[in-house]
Amino acid sequence: MHWPHKDLLSIQQLSVPQIEHIFDLAAKFAEINNRPVKKVPTLKGKSVVLFFAEPSTRTKLSFDMAGKRLSADTFSLAQSGSSLQKGESLSDTALTLQAMHPDAIVLRHVASGASDYLARHLQCAIINAGDGWHAHPTQALLDGFSLFQVWGEAFAGKNILLLGDIAHSRVARSDIEMLTKLGAKVRVCAPRTLLPPALLSWPVELEQNLHKACQDMDAVICLRLQLERQQAGLLPDLREYAAHFGLRPCHLQHARSDVQLLHPGPVNRGIEIAPELADADNSRILDQVSSGVATRMALLYLYLTSSREEA
């Protein structure tokens with residue numbers, strides 16, 4: 001498939017065939033990750049800057065590992081070690097990086113729209129690794145790939161529940177965009193204080209009783225409860241949240257017998273999901289970590305080779 005995109009900013013850019021192409025490529029790259037020698041020369045000579053102006057473990061490490069396994073040179077930059085701490089603007093920092101001629105910049109930033117801003121001003125590929133509350137397209141793609149490994153392309157008609165902090169979750173927004181594009185039906189469940197005002201315009205169903213929300217679900221995606229929300233007064237008590245919105249075995253009695261359980265991590269065990277569910281045979285949580293490397297290998301391949309063809 002000819003890849004027409006210079007940048008990956010959100011799931012909205014991608015068509016269904018393009019999403020499925022990413023899954024197919026990720027499946028091929030997953031095989032490399034199971035070899036004794038986990039390295040191929042596919043992107044030898046290419047350079048990728050991992051510009052993370054916000055903390056990250058899984059996303060940053062998986063992009064770093066994905067680049068290295070394709071033989072690209074990766075360079076990490078955090079806000080604490082950059083001139084942003086000295087007052088330099090994001091624009092000037094980015095122009096400085098561009099002067100070093102990287103082939104791609106993977107950006108995580110606290111400001112929504114930061115990746116879009118860089119994409120409009122820089123010539124290299126920009127891959128959004130999470131911007132504010134706006135989008136996290138690579139997380140959505142790895143979530144989709146994790147389910148693709150179980151279901152194949154049969155997303156149409158599947159029922160998927162997103163559970164937790166919907167209002168402040170860029171993962172929720174990107175997951176909803178991707179899953180509904182693929183034909184799945186999405187339901188959300190959260191306290192009213194953690195629901196976005198624009199929810200009525202989203203293509204989702206709302207159910208606030210967790211027992212009812214899990215009924216007939218083929219997959220449940222638990223979201224990280226951002227503990228700072230409790231200090232902001234949006235949650236009265238973590239124990240109360242866990243009692244009403246923490247996923248437990250009793251909630252899954254009316255779900256599909258082969259329901260798949262996902263969580264983007266980090267997991268607050270006993271709050272968002274019961275420990276026995278996080279470790280169950282139908283939990284895809286560790287599969288998501290493996291899927292993250294393979295999916296990001298596919299994305300680096302597509303966006304770095306696309307840049308080469310356009311040059």
Side-chain angles (χ1 to χ4, degrees), residues 1 3-27 29 48-54 56-64 66-67 104-120 122 124-148 155 160 162 166 168-184 186 196 202-204 221 223-224 262-265 288-289 291-307:
M1 175 185 287
W3 198 252
H5 307 291
K6 168 184 168 288
D7 311 294
L8 176 60
L9 307 177
S10 75
I11 294 294
Q12 290 178 340
Q13 297 171 277
L14 303 177
S15 66
V16 171
Q18 288 168 350
I19 293 172
E20 292 174 345
H21 182 57
I22 291 170
F23 292 167
D24 288 336
L25 272 179
F29 285 123
V48 180
V49 173
L50 307 177
F51 186 4
F52 278 64
E54 201 179 33
S56 171
T57 298
R58 291 158 183 77
T59 303
K60 185 176 182 179
L61 183 58
S62 64
F63 262 116
D64 193 20
I105 297 175
V106 178
L107 177 69
R108 170 168 287 190
H109 201 278
V110 68
S112 298
S115 296
D116 180 70
Y117 178 82
L118 290 197
R120 287 185 279 110
L122 302 187
C124 65
I126 303 297
I127 297 178
N128 183 2
D131 61 334
W133 299 346
H134 173 241
H136 198 344
T138 70
Q139 179 68 48
L141 289 166
L142 77 85
D143 289 348
F145 179 58
S146 298
L147 292 171
F148 172 83
F155 281 78
I160 300 175
L162 282 168
I166 307 296
H168 307 98
S169 175
R170 54 195 172 203
V171 175
R173 286 163 171 76
S174 293
D175 272 345
I176 289 168
E177 288 177 356
M178 184 197 66
L179 293 169
T180 53
K181 270 192 177 188
L182 294 174
V186 178
W202 292 12
V204 299
I221 302 175
L223 299 170
R224 181 177 73 88
L262 295 85
H263 192 302
Q288 287 173 275
V289 178
S291 295
V293 178
T295 302
R296 286 159 178 149
M297 288 172 74
L299 292 170
L300 290 177
Y301 169 77
L302 286 170
Y303 283 90
L304 271 66
T305 57
S306 173
S307 298

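Heavy-atom minimum distance, H136 versus V171: CD2-CG2, 4.0 Å. Scanning both residues, A172 and L162, for their nearest heavy atoms gives O-CD1, 4.0 Å. Summarising the geometry of L9 relative to P137, their closest heavy-atom pair is O-CG, 3.8 Å, with the distance given to 0.1 Å. When all heavy atoms of R173 and S169 are compared, the pair lying nearest together is NH1-O, 3.2 Å. Closest non-hydrogen pair, S146 versus L262, comes out as CB-CD2, 4.3 Å. Taking both residues in full, the closest heavy atoms of A104 and L304 are given as CB-CD1, 3.5 Å, listed atom of the first, atom of the second, then distance.
In this structure, Q288 contributes its side chain and L142 its backbone to no donor-acceptor pair below 3.5 Å. Remark: the backbone N or O of L8 is not paired with any side-chain donor or acceptor of N128 at under 3.5 angstrom. For R108 (side chain) and G130 (main-chain N/O), no donor-acceptor pair under 3.5 Å exists by modelled atom type.
With a 4.5 Å cut-off on side-chain heavy atoms, L118 and H109 do not count as touching. Looking at D116 and D131, their side chains never come closer than 4.5 Å, going by heavy atoms from C-beta outward. Two residues are said to be in side-chain contact when any heavy atoms from C-beta on lie closer than 4.5 Å; P196 and W133 fail this criterion. Here the side chains of L179 and D143 are not in contact, with every heavy-atom distance at 4.5 Å or above. I22 is listed as a side-chain neighbour of L299, based on a closest heavy-atom distance under 4.5 Å. Looking at L147 and I160, their side chains come closer than 4.5 Å, going by heavy atoms from C-beta outward. Residues F52 and T59 have side chains in contact (heavy-atom distance under 4.5 Å, counting atoms from C-beta outward).
Residues forming a side chain to side chain donor-acceptor pair (under 3.5 Å) with D7 (at least two apart in sequence, or on another chain): none. With sequence neighbours excluded, the residues forming a side chain to side chain contact (heavy atoms under 4.5 Å, CB included) with V16 are E20, K181, L182, listed by chain and number. Every side chain to side chain contact (heavy atoms under 4.5 Å, CB included) that F29 has, sequence neighbours left out, goes to L25, I32, L70, M297, A298, Y301. Contacts of R170 classified as salt bridge (Lys or Arg N to Asp or Glu O under 4.0 Å), with partners at least two apart in sequence or in another chain: E54. Residues passing the side chain to side chain contact (heavy atoms under 4.5 Å, CB included) test with Q18 are M1, W3, P4, H5, L14, S15, sequence neighbours excluded. Looking at residues two or more places apart in sequence or on another chain, you find no side chain to side chain contact (heavy atoms under 4.5 Å, CB included) involving T57. Residues satisfying the side chain to side chain donor-acceptor pair (under 3.5 Å) test with D64, not counting sequence neighbours, are K68, T74. Taking the ring pair (Phe, Tyr, Trp, His ring centres under 6.0 Å) definition, one finds that F63 meets it with nothing, sequence neighbours left out. Residues passing the side chain to side chain donor-acceptor pair (under 3.5 Å) test with D175, sequence neighbours excluded: none.
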Does the side chain to side chain contact (heavy atoms under 4.5 Å, CB included) test come out yes or no for T295 and F148, once each step is laid out?
-> CA-CA 12 Å; T295 302; F148 172 83; over 6 Å; no
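Summarising the local packing, CD of Q13 is surrounded by more than 12 heavy atoms from other residues, nucleotides or ligands at distances under 6.0 Å.
Pairs passing the salt bridge (charged side-chain N to carboxylate O under 4.0 Å, His left out) check and including a residue from residues 293-306, sequence neighbours excluded, do not occur.
A distance of 7.0 Å separates CH2 of W202 from CD1 of I166, quoted to the nearest 0.5 Å.
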